[in-house]
Colleague: 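Following this message is one structure expressed as structure tokens.
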2 protein chains.
Amino acid sequence: MKPVTLKEIAEKLNISVTTVSKALKDYSDVSPKTKALVKELAATLNYTPNSFAVHLRTKESKTIGLVIPEVVHHFFSNVIKGIISEAEKEGYLVIILQSNESYELEKKQIELLMSHRVDGILISLANGTADFKHLNAVIEQDKPLVMFDKIAKLVKCSKIIIDDQKAAYIATQHLIDTGCKRIAHFRGPLLPQNSIDRFLGYKKALLDNGMEYDPNLVYLNDCDENSFDDGKMNAAKLYKEHNDVDGIFINTDMVAIGAISEFNRLGVKIPEEISIVGFSNWFMSSVISPTITTIDQPGYAMGQTAFKQLYKEIKAHKNNVAISPEIIQLETALVKRESTKN
Amino acid sequence: MKPVTLKEIAEKLNISVTTVSKALKDYSDVSPKTKALVKELAATLNYTPNSFAVHLRTKESKTIGLVIPEVVHHFFSNVIKGIISEAEKEGYLVIILQSNESYELEKKQIELLMSHRVDGILISLANGTADFKHLNAVIEQDKPLVMFDKIAKLVKCSKIIIDDQKAAYIATQHLIDTGCKRIAHFRGPLLPQNSIDRFLGYKKALLDNGMEYDPNLVYLNDCDENSFDDGKMNAAKLYKEHNDVDGIFINTDMVAIGAISEFNRLGVKIPEEISIVGFSNWFMSSVISPTITTIDQPGYAMGQTAFKQLYKEIKAHKNNVAISPEIIQLETALVKRESTKN
DNA sequence: CTGAAAGCGCTTACAG
DNA sequence: CTGAAAGCGCTTACAG
């Protein structure tokens with residue numbers, strides 16, 4: 001059974017395709033009687049417009065593209081959910097692509113989306129991305145682009161972020177306030193902006209409190225991901241190298257959970273011997289033992305905000321209105337739990 | 001900067017659009033010289049075909065739709081990842097929609113996908129879905145449809161599933177083999193097929209081992225979701241009502257984690273006083289304390305298989321080859337951990 | 001109030 | 001080897 005077309009409806013009703021099209025769209029210059037007739041037949045025939053034809057004419061696809069580093073990830077699934085739900089309200093569909101933290105893949109997927117003529121692109125950068133040509137190409141083609149969470153400062157587009165530096169500062173300050181004297185940092189991979197900012201916040205908190213900043217207490221990951229095993233490995237290393245550390249600010253909850261699991265195994269008491277603050281407020285951090293003090297990162301809201309901003313730019317673009325990039329910062333909050341004192 | 005069209009290339013080269021189109025697609029009846037010229041210019045102009053125009057002609061969108069109950073879910077994110085990665089290999093894009101476990105939304109989203117003329121649809125049913133008209137409509141329109149995980153036996157299409165009943169049987173048998181004498185079951189919501197099948201496997205294992213099946217030991221959820229709180233509540237209830245229970249087979253790891261958290265709070269020792277087997281092998285079940293014995297459910301592989309089957313049917317459909325629905329069962333495995341004895 | 005016509009950007013059967 | 005023409009299914013400016 002083939003989809004019904006305007007032409008078929010027109011033929012059955014003995015009127016023109018033009019009139020059918022207008023009737024369906026409630027143009028004011030069609031008689032109520034004709035409208036009723038057309039709508040009724042369209043309904044019984046289960047007519048739905050061929051979106052390709054519509055898009056070819058209108059130059060709108062009502063589809064946006066989303067490129068994220070990793071789908072299987074609590075924070076990003078929440079972002080996805082926020083985007084999808086907001087997009088739905090405006091009748092937009094979302095094509096999701098995963099970059100796997102790889103620059104090459106990310107680039108390829110941006111190209112794919114461009115050739116599919118999506119109306120706009122939402123992206124959170126791969127950790128491996130240090131070159132932004134593919135993103136600047138999007139902007140040059142006048143295609144709305146909004147970055148969120150993992151952004152590049154150098155790319156001229158709107159960005160939805162949190163204040164990573166401030167949040168990291170607050171996290172570190174909490175360790176200091178609860179009595180930690182020597183505080184380490186698991187900073188994750190080297191490149192991404194949020195790794196950098198969280199590190200800077202950590203460092204600033206130490207210095208502002210008159211504490212020594214010791215580069216040896218900053219642990220990097222081996223690769224571009226933030227995994228459970230990174231947490232285990234870095235915890236084991238720290239335990240050997242710096243037994244005097246009594247607090248750690250950890251880049252991501254997943255890594256914090258790995259670290260806790262290792263400390264549990266080693267018999268190191270949390271928070272008595274060592275306090276831990278994570279980042280993200282991943283659901284699991286409220287359920288593991290001990291529960292993890294962490295920074296709540298609003299994934300769902302970030303997804304919603306990102307779509308809204310993109311939608312705004314798509315509309316502006318359609319109406320040929322120039323619009324300047326915005327930086328929107330979302331609030332974070334420290335969530336106190338068992339992995340830090342009182 | 002507007003996207004380049006075939007016409008523009010043709011004009012610059014003083015040849016016809018037809019020839020440009022053919023050259024780009026390596027038709028054998030175009031001279032190598034022309035081909036080279038065309039390809040070079042296309043590359044420098046950054047030409048990409050307008051997908052709407054292509055699709056309008058070819059009736060293929062190279063896009064599929066995916067409807068799942070919930071994006072923020074370890075199992076489903078793995079499925080998504082499997083689907084996306086497999087789709088990419090064949091040049092397909094994936095539009096993801098979330099039904100939120102609601103029949104109404106699911107129906108609406110199927111319609112959306114149909115009107116967007118996707119080449120095929122992949123779906124895992126909402127727990128609230130008991131009427132299948134919207135799915136039969138897809139099949140009647142001759143659009144390839146593949147169901148996975150949460151399926152409806154009554155719908156005539158291909159299905160990718162695990163043997164829930166067998167897996168549940170093995171899970172329950174493991175409780176029996178490790179000495180449990182009175183085994184309860186948290187079965188989740190009432191409707192979905194996999195809830196039913198897991199329950200049946202549980203019951204069968206009891207009866208096959210000459211144990212009594214006591215309906216009072218089967219706990220349902222309040223709503224259509226499987227949440228941490230369901231686990232907590234049902235554990236608390238079970239603790240009050242049936243203090244003699246020494247093993248529970250729980251429908252989903254998330255619920256098992258809730259139950260464990262409640263038992264920890266109540267001071268009930270796991271597995272000494274009560275053994276627990278979950279379902280899914282959610283990453284967290286290997287990290288929580290105690291780690292959870294569970295059934296490994298291959299989400300990523302399920303996603304891959306689902307796409308492969310859909311792709312097969314899309315190709316068959318394109319070539320007007322009739323194809324009969326297939327039921328593909330994926331293997332599961334019991335993963336033994338600390339929440340059950342030895 | 002209705003409709004003929006042009007055109008969106010492609011692909012492909014056909015003619016030369 | 002090249003190209004004119006038709007057509008995919010719509011929308012919309014224009015004429016009447």
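Lettering of chains follows the sequences in order, A, B, ..., and the numbering in each one begins at 1.
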Colleague: Rounding to an integer number of Å, can you tell me how far A:L37 CG sits from C:dT2 C1'?
Modeller: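 It is 14 Å, rounded to the nearest whole Å.
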Colleague: Is the distance between the ring centroids of A:H55 and A:H116 less than 6.0 Å?
Modeller: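 When the ring centroids of A:H55 and A:H116 are compared, they turn out to be at least 6.0 Å apart.
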Colleague: Indicate yes or no: does A:D119 engage A:K62 in a salt bridge with an N to O separation below 4.0 Å.
Modeller: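 No salt bridge links A:D119 with A:K62.
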Colleague: Nearest-Å distance, CG (A:N50) to P (D:dG7)?
Modeller: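 Taking atom P of D:dG7 as the reference, CG of A:N50 is at 17 Å.
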Colleague: Report the distance from atom CD of A:E8 to atom C1' of D:dG9, rounded to the nearest whole Å.
Modeller: 11 Å
Colleague: Do the side-chain N or O atoms of A:K33 get closer than 4.0 angstrom to the phosphate oxygens (OP1, OP2) of C:dC1?
Modeller: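 Looking at the OP1 and OP2 atoms of C:dC1, neither is under 4.0 Å from any side-chain N or O of A:K33.
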Colleague: Would you please test B:T18 and B:S21 for side-chain hydrogen bond (donor to acceptor under 3.5 Å, both in side chains) and show each step?
Modeller: CA-CA 5 Å; B:T18 305; B:S21 173; over 6 Å; no
Colleague: Do the side-chain N or O atoms of A:S16 get closer than 4.0 angstrom to the phosphate oxygens (OP1, OP2) of C:dT2?
Modeller: no
Colleague: To the nearest angstrom, how far is A:I15 atom CD1 from C:dA4 atom P?
Modeller: 11 Å
Colleague: Spell out protein contact along nucleotides 11-16 of chain D as letters: B when the base is contacted, S when just the sugar-phosphate is, - when no protein heavy atom is under 4.0 Å; keep the 5' to 3' order.
Modeller: BBBB--
Colleague: Check A:M147 against A:C157 and note the closest heavy-atom contact, atom names and distance.
Modeller: CG-SG, 3.4 Å
Colleague: Walk me through whether B:E326 and B:S158 qualify under side-chain hydrogen bond (donor to acceptor under 3.5 Å, both in side chains).
Modeller: CA-CA 5 Å; B:E326 285 181 51; B:S158 289; 5.8 Å; no
Colleague: Using a cut-off of 4.0 Å on non-hydrogen atoms, how would the nucleic acid contact of A:S31 be classed: base, sugar-phosphate, or nothing?
Modeller: sugar-phosphate
Colleague: Taking atom P of D:dC10 as reference, at what distance in whole Å does atom CZ of B:R117 sit?
Modeller: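 So the CZ-P distance, B:R117 to D:dC10, works out to 7 Å.
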Colleague: Given atom NZ of B:K59 and atom C1' of D:dC8, what is their separation to the nearest angstrom?
Modeller: 5 Å
Colleague: Please state how far atom CD in A:E60 lies from atom P in D:dC10, giving the value in whole angstrom units.
Modeller: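 Taking CD of A:E60 and P of D:dC10, I get 17 Å after rounding.
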Colleague: Could you state the atom-to-atom distance from CG of B:L56 to P of C:dG7 in whole Å?
Modeller: 17 Å
Colleague: Going by the angle between their ring planes, with limits at 30° and 60°, are B:H73 and B:F75 parallel, tilted or perpendicular?
Modeller: perpendicular
Colleague: Nearest 0.5 Å please: distance from the CD atom of B:E104 over to the CD atom of B:E106.
Modeller: 10.0 Å
Colleague: When you look at A:S16 and A:T19, which way does the side-chain hydrogen bond (donor to acceptor under 3.5 Å, both in side chains) test go after all the steps?
Modeller: CA-CA 5 Å; A:S16 76; A:T19 305; 3.1 Å; yes
Colleague: Across the strands shown, which category fits A:T19 at heavy-atom distances under 4.0 angstrom: base, sugar-phosphate, nothing?
Modeller: base
Colleague: Run through DNA chain C and report every stem of 3 or more consecutive Watson-Crick or G-U pairs, distances under 3.5 Å, ordered by first number.
Modeller: C:1-3 with D:14-16, C:5-12 with D:5-12, C:14-16 with D:1-3
Colleague: Passes side-chain hydrogen bond (donor to acceptor under 3.5 Å, both in side chains), A:T48 versus B:R117? Steps please.
Modeller: CA-CA 9 Å; A:T48 61; B:R117 301 289 196 270; 2.9 Å; yes
